[in-house]
Amino acid sequence: MVVFVCDCCYPHITMSWKNNTWIVFICLYSTVQITLFSKAFTPCTVSGTLSRRMKTSSLLLFRELISDDEEDLRADISVIIKQDGLSDFLQADNRLCVIKLFAPYCKACKAFGVKFRKLALEKGDKINAAGVVVHHGIARFGEIEYSSNIKLCKHLKVKKFPTVLIYRGGKEGELIGEIDCKNISIENLVSATDQLTGTVEN
C-alpha cells in the first residue's frame, strides 16, 4: 500500500487499485505526511508543510505512481548484496537471471551500464515509479558492485569488469554462462541471453 496525505483547499480522498497495490491520496488542510508501506509493512514517514507548488508536484507524483504507460516504466534491476542476497535473487523464480558485476572506478563499466539497462528494459521486468512490477520479462536482471561485495566477487572468481554472469533461476541457481563484457557488443550479449533463455524454457 502507498499512502499520501497532504494539505489541500478541501478534504478529499482518492484511491486506486494498481497491480495488487492500493494507492491512496488523502488531502487535508495543513500538513503533509507521506507513508510508504513496504511488503513487510514497515512504515517510513516524511512530514512537512506543502506549498502550492508542492501540492501540484504531489498530484503529479501520484499520477506517475499509478501510471503503467510504457513510456513511464523503467527496468527492474535488483541490487545484490553478499551471498545471501545472491541466493535470494536466484531462488525468487525459475527464469533466467542475468547479473552484471562492475566496479565504480571502471570506465568500461559505466559505458556498459547504459547498454545493460537497455537490455534489462527490453528483456526483463518493468516497474513503475512506485517500484511495482507491471510487466514480467523473460529474464530477471541484477547487479553486484565490487567494493561492497569483495568476498562475493572473489567467491565467484570474477577478475575482470564488467562481467555478466547468467544463471538458471531456481533453488539450485546453476551458473550457465559467463561473459567478459569489456569489449563485447550489446548485440552479442543479447544473442547470448536469447540463446540461454531458450535453454531454460526448454
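These figures come from a predicted structure and were not determined experimentally.
- Phe141 and Phe116 have their aromatic ring centers within a separation under 6.0 angstrom.
- Between Arg95 and Ala139, the shortest heavy-atom distance links the atoms NH1-O, 3.9 Å.
- Interatomic distance, NZ of Lys118 versus NZ of Lys123, reported as 11.5 Å (0.5 Å rounding).
- For the pairing with Cys97, the side chain to side chain contact (heavy atoms under 4.5 Å, CB included) check across Leu165, Leu175, Leu90 returns one residue only, Leu90.
- The cluster map of Ile, Leu, Val, Met, Phe, Trp and Tyr, joined by side-chain heavy atoms under 4.5 Å apart, puts Val158 and Ile150 in the same cluster.
- The pair Lys82-Asp84 fails the salt-bridge criterion, with no side-chain N (NZ, NE, NH1 or NH2) lying under 4.0 Å from an Asp/Glu carboxylate O.
- Between Asp125 atom CG and Arg74 atom CZ the span is 12.5 Å, to the nearest 0.5 Å.
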query: Given Ile166 and Leu96, is the side chain to side chain contact (heavy atoms under 4.5 Å, CB included) satisfied, shown in steps?
result: CA-CA 7 Å; Ile166 302 179; Leu96 195 75; 3.5 Å; yes

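- Distance check, rounded to the nearest 0.5 Å: SG of Cys153 to CD1 of Ile144 gives 6.0 Å.
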field: Derivation of the side chain to side chain contact (heavy atoms under 4.5 Å, CB included) call for Ile99 and Leu86
entry: CA-CA 9 Å; Ile99 302 173; Leu86 176 60; 3.5 Å; yes

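- The line from CG of Leu121 to NE2 of His135 is 9.0 Å long, rounded to the nearest 0.5 Å.
- A distance of 14.0 Å separates NZ of Lys100 from CD1 of Ile179, quoted to the nearest 0.5 Å.
- Nearest heavy-atom pair across Gln91 and Lys171 is NE2-O, 3.7 Å.
- Close placement of the Tyr146 and Phe161 rings is indicated, their centers lying within 6.0 Å of each other.
- Listed here is the closest heavy atom pair of Pro162 and Asp180: O-OD1, 3.7 Å.
- Summarising the geometry, atom OH belonging to Tyr167 is positioned 11.0 Å from atom CD belonging to Glu174; distances are rounded to the nearest 0.5 Å.
- When all heavy atoms of Asn149 and Ile80 are compared, the closest pair comes out as ND2-O, 3.6 Å.
- Taking hydrophobic clusters as Ile, Leu, Val, Met, Phe, Trp and Tyr residues chained together by side-chain heavy-atom distances below 4.5 Å, Val98 shares a cluster with Ile176.
- Of all heavy-atom pairs between Cys181 and Val164, the closest is SG-CG2, 3.5 Å.
- Looking only at distances, no side-chain donor or acceptor of Arg140 sits under 3.5 Å from a matching main-chain atom of Ser78.
- In the hydrophobic clustering of ILVMFWY residues, with side-chain heavy atoms under 4.5 Å counting as a link, Ile77 and Phe102 come out apart.
- Contact record, His136 with Val133: CE1-CG1, 3.6 Å, taken as the closest heavy-atom pair.
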